[in-house]
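Let me begin by presenting the structure, written as structure tokens, before commenting on it.
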Amino acid sequence: MTEGPGRDTEAVSRFVEHFAAQLVEAGLPRMPARVFAALLASDTGTLTSAELGEQLRISPAAVSGAVRYLAQVHMVSREREPGSRRERYRVHSDQWYEALTNRNAIIKRWEDALREGVTSLGADSPAGRRLAETLAFFEFVEGEVEAMMERWRVHRDEMFGQG
């Protein structure tokens, strides 16, 4: 799909597939990675299911499953077109922030489970000490991510204006 004037459709397609492959290597499922990369490469940051299907040469079911996954991990949102039943899928400029924030909520749940494990196993047992160290690691990561995201907001505002 060509959006901008003079846009090289093949070059865009190569970027989408290359970036999607990098996301797959990092653990994202293949189809959500391709849909996310296509949205990211879109000038408007929005595409319909039909547009995604056409650009990526995938079925409506594949688009639906990919978008459902991406929405669950807060990487895209669904928007209803005014006066239509069609939905557009949008990638936001803060998608990385949202994805990390969502991961932080998961880490908090892991921390709660680990605290319970330390109590259940006993902090002085080998397993309890191992869980306590794992808990300390996640608490450290959580604090670092929060501090890093605050630094990112300041940096982003300096580079791109208010977000």
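When all heavy atoms of Met75 and Val91 are compared, the closest pair comes out as O-CG2, 3.8 Å. Nearest heavy atom pair, residue Ala37 against residue Phe19, reads CB-CD2, 4.0 Å.
Rounded to the nearest 0.5 Å, atoms CG (Leu131) and OG (Ser125) are 7.5 Å apart. Rounded to the nearest 0.5 Å, atoms OG1 (Thr46) and CD (Glu79) are 7.0 Å apart. Here the CG atom belonging to Leu23 is positioned 8.5 Å from the CG atom belonging to Leu40, to the nearest 0.5 angstrom.
The closest side-chain heavy-atom distance from Tyr89 to Ser77 is not below 4.5 Å. With contacts defined as side-chain heavy-atom distances shorter than 4.5 Å, the pair Arg115/Glu139 qualifies. You'll find the side chain of Glu144 stays beyond 4.5 Å of the side chain of Val141, heavy atoms only. For the pair Gln55/Leu47, a side-chain contact is recorded, criterion being any heavy-atom separation below 4.5 Å from C-beta on. Using a 4.5 Å heavy-atom threshold, the side chains of Arg129 and Leu121 count as separate. Looking at heavy atoms from C-beta onward, Arg90 lies out of side-chain contact with Val76 at the 4.5 angstrom threshold.
Proximity of a side-chain donor or acceptor of Thr134 to a complementary backbone N or O of Arg130 within less than 3.5 Å is detected. Not a single donor-acceptor pair under 3.5 Å links the side chain of Arg88 to the backbone N or O of Arg80.
Between Arg34 and the choices Leu56, Leu52, Leu28, the side chain to side chain contact (heavy atoms under 4.5 Å, CB included) rule is met once, by Leu56.
Other residues, nucleotides and ligands place no more than 12 heavy atoms under 6.0 Å from the CD atom of Glu116.
Hydrophobic cluster membership differs between Ile58 and Val24, with clusters built from Ile, Leu, Val, Met, Phe, Trp and Tyr side chains linked at under 4.5 angstrom.
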